[in-house]
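Basis for what follows: all heavy atoms, side chains included, without hydrogens, waters or symmetry-related copies.
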Amino acid sequence: MRANRSRDTKPELALRSLLHAKGLRYRVDASPLQGVRRRADVIFPRDKVAIFVDGCFWHGCPQHLRPAKTNAEAWAAKLEENRARDTHTNELLRAANWTVIRFWEHEDPAVAAEIVAETLLHLRGGGQDSDTGTAQDVSGPLPNDGSRVCD
C-alpha cells in the first residue's frame, strides 16, 4: 500500500502542468478549510476553488471499478466510506462558499484544465447572476454523488 501515492500522481501532474502553462498559480495538496483534515489536490485560495482528481479504484468510478475478489466485503465498505467522505467534503466546502470541482483520473487533463480556467475566469469576472445578484454554482458535476457520468 505504500506504493500508492497520495499526491503527485500522473493525472494530477498532467493537470497541474496544463494549469501552470495557462499562467494559473495554485497551492498543491493543501487543506482548504482550517481545522478540517481534508486535502484538495489543487486549490486556488483567493478564489475559493478546490480541485480533486479522484482515482478510479479508490473513489469507485462506475466505469472502471472492478469488485475485489478477495475480501470483497471489506473493500466494498472501504470504497463506500471513501465516497461518503468525498460527499461530506463537498458539503463542508460548499457550506464555506468554496467551489468544488472533481475529475476522474482517466479524464482528459486538457479538458479538465479548461474547465478549471473557465471557472476561475467566471469567478474572477464577478460571476454574478444578473437576476439575483448572487454567485452562481459554476462547479462541474461531482463524480461521487452519482451526478457525473464517467467518459
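- When every heavy atom of Leu18 is checked against every heavy atom of Ala113, the shortest pair comes out as CB-CB, 3.7 Å.
- By the side chain to side chain donor-acceptor pair (under 3.5 Å) test, Arg39 is found to be paired with Asp29, residues two or more places apart in sequence or in another chain being considered.
- Sorted by first and then second residue, the salt bridge (charged side-chain N to carboxylate O under 4.0 Å, His left out) pairs involving residues 70-81 (not counting sequence neighbours) are Glu80-Arg83.
- Shown here for Gly60 and Leu65, the closest heavy-atom pair between the two residues is CA-CD2, 3.9 Å.
- Nearest heavy atom pair, residue Ala72 against residue Ala68, reads CB-O, 3.3 Å.
- What you find for Pro109 and Leu15 is that their closest heavy atoms are O-CD1, 3.9 Å.
- Side-chain heavy atoms closer than 4.5 Å link hydrophobic residues (I, L, V, M, F, W, Y) into clusters, and following such links, possibly through other members, connects Leu120 to Val28.
- For the side chain to side chain contact (heavy atoms under 4.5 Å, CB included) test, residues two or more places apart in sequence or in another chain that qualify with Leu92 are Leu33, Val36, Arg38, His88.
- Relative orientation of the Trp75 and Phe57 rings is perpendicular, given thresholds of 30° and 60° on the angle between their planes.
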Arg37 and Ser31: CA distance, side-chain angles, deciding distance, side chain to side chain contact (heavy atoms under 4.5 Å, CB included) verdict: CA-CA 7 Å; Arg37 292 186 56 195; Ser31 180; over 6 Å; no
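- Put simply, the residue from Ile51, Val111, Asp108, Asp41 that forms a side chain to side chain contact (heavy atoms under 4.5 Å, CB included) with Phe103 is Ile51.
- Under the side chain to side chain contact (heavy atoms under 4.5 Å, CB included) criterion, Pro11 pairs with Thr9, Val53, Glu105, not counting sequence neighbours.
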Enumerate donor-acceptor pairs with a distance under 3.5 Å from any side-chain N or O in residues 20-27 to protein atoms, sequence neighbours excluded.
from  : atom 1 : to     : atom 2 : distance (Å)
Lys22 : NZ     : Glu114 : OE1    : 2.9
Arg25 : NH1    : His20  : O      : 3.1
Tyr26 : OH     : Arg16  : O      : 2.9

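- Judged as a side chain to side chain contact (heavy atoms under 4.5 Å, CB included), and not counting sequence neighbours, Ala77 has no contacts.
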Test log, rule side chain to side chain contact (heavy atoms under 4.5 Å, CB included), inputs Phe52 and Leu93: CA-CA 12 Å; Phe52 297 87; Leu93 289 169; 3.9 Å; yes
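- Rounding to the nearest 0.5 Å places CG of Leu123 at 4.5 Å from OG1 of Thr99.
- A search for side chain to side chain donor-acceptor pair (under 3.5 Å) contacts involving Glu91 returns nothing, not counting sequence neighbours.
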Full working for side chain to side chain contact (heavy atoms under 4.5 Å, CB included) between Asn90 and Arg102: CA-CA 10 Å; Asn90 296 343; Arg102 288 188 176 267; 2.9 Å; yes
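- Atom-to-atom distance recorded for Phe44:CZ and Ile101:CD1 is 8.5 Å, nearest 0.5 angstrom.
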Derivation of the side chain to side chain contact (heavy atoms under 4.5 Å, CB included) call for Gln63 and Trp104: CA-CA 10 Å; Gln63 182 179 349; Trp104 289 113; over 6 Å; no
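- Residue pairs meeting the salt bridge (charged side-chain N to carboxylate O under 4.0 Å, His left out) criterion with at least one partner in residues 43-53, sequence neighbours excluded, are Asp47-Arg124.
- With sequence neighbours excluded, no residue forms a side chain to side chain contact (heavy atoms under 4.5 Å, CB included) with Ala84.
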